[in-house]
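Beneath this line is the structure, given in structure tokens, with notes to follow.
Protein chains get the first letters and strands the later ones, always in sequence-line order, with residue 1 at the start of each. Keep in mind that the numbers below use all heavy atoms, side chains included, and drop hydrogens, waters and symmetry copies.
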Amino acid sequence: MNTFAETLIAWQRGHGRHGLPWQVRDAYRVWLSEIMLQQTQVDTVIPYYGRFLSRFPDLPSLAAAPVEDVLTLWSGLGYYARARNLHKCAQAVMDRHGGAFPADPALLAELPGIGRSTAAAISAFSHGTRAAILDGNVKRVLTRCFGIDGFPGSKNVENALWTLAESLLPASDVDIYTQAQMDLGATVCTRGRPACGRCPVAGRCVALRDGRVGELPTPRPKKWSANGTGASR
DNA sequence: CACCCGTGGCA
DNA sequence: TTGCCAAGGGT
């Protein structure tokens with residue numbers, strides 16, 4: 001029996017997405033795409049990515065630009081702190097790393113706007129580094145396939161998912177594996193109406209076996225508004 | 001630790 | 001119409 005990772009890698013070669021403009025071994029372009037794709041879908045990012053790259057073809061040009069120019073090109077994408085951090089990050093890479101992104105995920109994660117997951121993605125895509133990502137797609141795939149209950153945004157569940165994600169890493173082809181998880185989550189293991197009939201790991205999916213695909217991942221708990229009566233939860 | 005941040009798509 | 005969520009990170 002193939003491992004989870006081997007199955008996804010085999011699936012990715014034939015059924016994953018391959019023509020996306022940031023699928024290149026270039027840390028600058030990978031980084032730019034990863035920041036734009038944070039909480040933002042592929043179809044929304046594509047036109048912004050092209051315009052941005054035309055105006056800022058490399059790291060030095062971005063680092064040297066006024067932040068206002070960066071924000072102008074970002075206008076409409078939302079989450080504008082990402083654009084400010086993007087600009088700060090470009091300058092930090094110039095200052096700390098001589099204009100080249102480091103390969104080490106731990107160093108990447110020290111840069112503005114780059115957290116643990118984005119650092120792993122940049123390193124895996126740019127250098128094939130063996131590091132686990134944990135984004136919305138991976139959380140959805142893992143909670144379903146392994147039957148993990150609890151809101152994935154809560155600290156304890158997220159910690160468990162990180163541990164699981166690390167344990168599933170393949171020995172090689174981490175870049176393909178990383179893309180496979182994202183593609184599976186985006187095109188098959190979707191939030192609504194997942195296409196379990198086309199899923200390469202349907203045979204070992206706990207949620208599918210137990211008829212719980214619609215229940216996982218566990219939704220965010222509702223917030224209780226203050227009501228002045230002293231009632232609380 | 002939970003919460004906030006922008007916009008667009010979907011039921 | 002309203003709610004919920006999407007390639008998360010900073011606070």
Under a 3.5 Å cutoff, is there a donor and acceptor pairing between the side chains of [X] and [Y]?
{"X": "A:Ser61", "Y": "A:Asp58", "answer": "yes"}
{"X": "A:Arg82", "Y": "A:Thr40", "answer": "yes"}
{"X": "A:Ser172", "Y": "A:Arg130", "answer": "no"}

Specify the separation, in whole Å, of atom [atom1] of [X] and atom [atom2] of [N].
{"X": "A:Gln39", "N": "C:dC4", "atom1": "CD", "atom2": "P", "result": "16 Å"}
{"X": "A:Tyr79", "N": "B:dC5", "atom1": "OH", "atom2": "P", "result": "9 Å"}
{"X": "A:Leu108", "N": "C:dG9", "atom1": "CG", "atom2": "P", "result": "12 Å"}
{"X": "A:Ile122", "N": "C:dG8", "atom1": "CD1", "atom2": "P", "result": "13 Å"}
{"X": "A:Arg191", "N": "B:dA11", "atom1": "CZ", "atom2": "P", "result": "9 Å"}
{"X": "A:Arg116", "N": "C:dG10", "atom1": "CZ", "atom2": "P", "result": "14 Å"}
{"X": "A:Asn159", "N": "B:dC1", "atom1": "CG", "atom2": "C1'", "result": "11 Å"}
{"X": "A:Lys139", "N": "C:dC5", "atom1": "NZ", "atom2": "P", "result": "12 Å"}

Give the intermediate values and the outcome of salt bridge (Lys or Arg N to Asp or Glu O under 4.0 Å) for residues A:Asp210 and A:Arg144.
-> CA-CA 10 Å; A:Asp210 297 345; A:Arg144 284 174 174 165; over 6 Å; no
Say you pick atom P in B:dC4 and the same atom in C:dG3; how far apart are they, in whole Å?
->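 Here B:dC4 and C:dG3 have their P atoms 15 Å from each other.
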Gap in Å between the two P atoms, one belonging to B:dG6 and one to C:dT1, rounded |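 One P to the other, the span is 24 Å.
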Proximity to DNA chain C (any heavy atom under 4.0 Å), residues of residues 80-93 of chain A only |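 Those residues whose heavy atoms fall under 4.0 Å from DNA chain C, taken from residues 80-93 of chain A in numerical order, are A:Asn85.
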Any idea which of [options] is nearest the [X] side chain?
{"X": "A:Gln41", "options": "C:dG9, B:dG8, B:dG6", "value": "B:dG8"}
{"X": "A:Thr40", "options": "C:dC5, B:dG6, C:dA6", "value": "B:dG6"}
{"X": "A:Lys155", "options": "C:dG9, B:dC1, B:dC5", "value": "B:dC1"}

When you check the phosphate oxygens OP1 and OP2 of B:dA11, does a side-chain N or O of A:Arg193 lie under 4.0 Å from one of them?
->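 No, because none of the side-chain N or O atoms of A:Arg193 sits under 4.0 Å from OP1 or OP2 of B:dA11.
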A:Thr118 side chain N/O closer than 4.0 Å to the phosphate oxygens (OP1, OP2) of C:dG9?
->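 Yes, because at least one side-chain N or O of A:Thr118 sits under 4.0 Å from OP1 or OP2 of C:dG9.
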Tell me if a side-chain donor or acceptor on [X] pairs with a main-chain N or O of [Y] at a distance below 3.5 Å.
{"X": "A:Asp183", "Y": "A:Arg17", "result": "yes"}
{"X": "A:Trp162", "Y": "A:Glu166", "result": "no"}
{"X": "A:Thr143", "Y": "A:Arg140", "result": "yes"}

For the hydrophobic clusters of this structure (ILVMFWY residues joined by side-chain heavy atoms under 4.5 Å, transitively), does one cluster hold both A:Phe56 and A:Tyr80?
->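 Same cluster.
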Checking all strands, does [X] fall into the base, sugar-phosphate, or nothing category for heavy-atom contacts under 4.0 angstrom?
{"X": "A:Ile114", "answer": "sugar-phosphate"}
{"X": "A:Gly76", "answer": "sugar-phosphate"}
{"X": "A:Gln179", "answer": "base"}
{"X": "A:Trp74", "answer": "nothing"}

